[in-house]
Number of protein chains: 2
Amino acid sequence: MHDVSAVETALHGLRTLIADGSLQPGDRLPSEGVLSERIGVSRGSIREAIRTLSALGVVETRRGAGTFVGELRAADMIRTLALTVGLLPLESILELFELRRVLEAHAASLAAARCDDAAVSGLSTILDRLETSTDVDEQSALDHEFHMAVARLGGNESLGAMVSVLRSRSRAYPVPLTDETKRISDAGHRTILGAVTAHDPVAASVAAAAHVAQSEVWLREHRPAPEIIG
Amino acid sequence: MHDVSAVETALHGLRTLIADGSLQPGDRLPSEGVLSERIGVSRGSIREAIRTLSALGVVETRRGAGTFVGELRAADMIRTLALTVGLLPLESILELFELRRVLEAHAASLAAARCDDAAVSGLSTILDRLETSTDVDEQSALDHEFHMAVARLGGNESLGAMVSVLRSRSRAYPVPLTDETKRISDAGHRTILGAVTAHDPVAASVAAAAHVAQSEVWLREHRPAPEIIG
DNA sequence: AGCGGCGATCTGTAGGACAGGTTTTACCGG
DNA sequence: CCGGTAAAACCTGTCCTACAGATCGCCGCT
């Protein structure tokens, strides 16, 4: 056994404080100075350990106030992937389409089972705006909004977060929107909405899977160059 | 707009270097000293930015040698969630069971479509050992091994990584294994293997979903206290 | 009691110093 | 010319000090 580095020691110490219940969600961590003294490593090492936990969504730091344990919700941690998914090459994105297809299909089926009239009305409004929009960026935003609304209707926050992460990167590889593709895309949205409105989970699932698969086909055909996303 | 912090500046700089292709997977980053001078922030801030990317699986550091861009594979980044999932409370785990059910079911259907005789033989061997084992830890390990083997058979590395992450935490909330539960669990495994062997994707999917759902039911019934996992 | 200000505390950042690794270079013997 | 070894250059890991800027809390004043 090689000896453990100072940052690893700090990380282990912090993780244990949270895992054993000493620190509950929302609690403030001891100050960096105190932690430094208690764990026996320098303040810099403590900070690096906190950075690690912060990157993973476990804690969040407020300057001047302190570092606080996060809510420890699965969705928060899944969302931390968004930053890194933005760096993936096209091949990896295509690999992730399989997850996206499965999860969006499931979310659509849940939405069909659970949605109410207000939700249907909201979805319909989004599609109205999307179909009449002429601005590409707006179309992309509305498309994302529609799919996220469907995913949220499923009622599982982690599922929504996962879909959001998977979708975020696809937008970095823009498929050129011709009249033809937009027509097909719009029709796909209406099919999903129709199945959700009819409370038909199977139809909704199939429609969502088909819609995602269609996007994947376009992406494989065009293989656009990546755009850097802030 | 408040001004951007030094670490954020460093993070943005590093992220851009990777996103715009200046740094390819496997490449070595400029040394911390050089980055510090080039980006215009202190070495400490550079290190914190690198820690962030390291925590997310984007780069990896080797002492004395340098920091290198990772392979930028989706599976690697998904795996970084394992550390944080280990801190989630039971409620979050139950929420994640929905994802697990959907993804494992899909993985099983893929496995059924794609597996060969050697794979079936390997899976069967695992179950043989699992069914005759009397050691709880060994049973847990073999159970995990079986499910991961099935997930890998799906051929999608990201899917396997996701299933692995989702499963890793469940093991921290151990359901007491009675003769009854073990019998049901073993039968579930055999059902999955049978469907996979028969190349019946639908049956495999249903069997896997049922198996995961059964685990969820047990977990909801017993609600065991968490065990801290190293 | 309410309020304002001031001090204590905390994070953010910079810079220097050194230990302990790794890689490259230069030198020397064959 | 080649191989091997030792030194030098380089890099990350860690600690220390110092100070700026933000935030919080206490105390005294009205």
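Below, chains carry the letters A, B, ... as their sequence lines are ordered, and counting in each starts from 1. Since the structure is predicted, the reported quantities are computational estimates derived from the model, not experimental observations.
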Nucleotides 6-16 of chain D: protein proximity per nucleotide (B base, S sugar-phosphate only, - neither; heavy atom, under 4.0 Å): -----BBBBB-

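- Looking at Glu48(A) and Arg43(A), their side chains never come closer than 4.5 Å, going by heavy atoms from C-beta outward.
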Side-chain donor-acceptor contacts of residues 55-65 of chain B below 3.5 Å, not counting sequence neighbours, with atom names and distances?
unit_1   : atom_1 : unit_2   : atom_2 : d
Thr61(B) : OG1    : Thr67(B) : OG1    : 3.0

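- Remark: Arg101(B) CZ is packed, more than 12 non-hydrogen atoms of other residues, nucleotides or ligands lying under 6.0 Å away.
- In this structure, Ile46(A) places its CD1 atom 14 Å from P of dG12(C), rounding to the nearest Å.
- Under 4.0 Å is where a charged nitrogen must lie from a carboxylate oxygen, and between Asp20(A) and Arg15(A) no such pair does.
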Table please: side-chain donor-acceptor pairs of residues 77-87 of chain B below 3.5 Å, with sequence neighbours left out.
unit_1   : atom_1 : unit_2   : atom_2 : d
Thr80(B) : OG1    : Met77(B) : O      : 2.5
Thr84(B) : OG1    : Leu81(B) : O      : 3.0

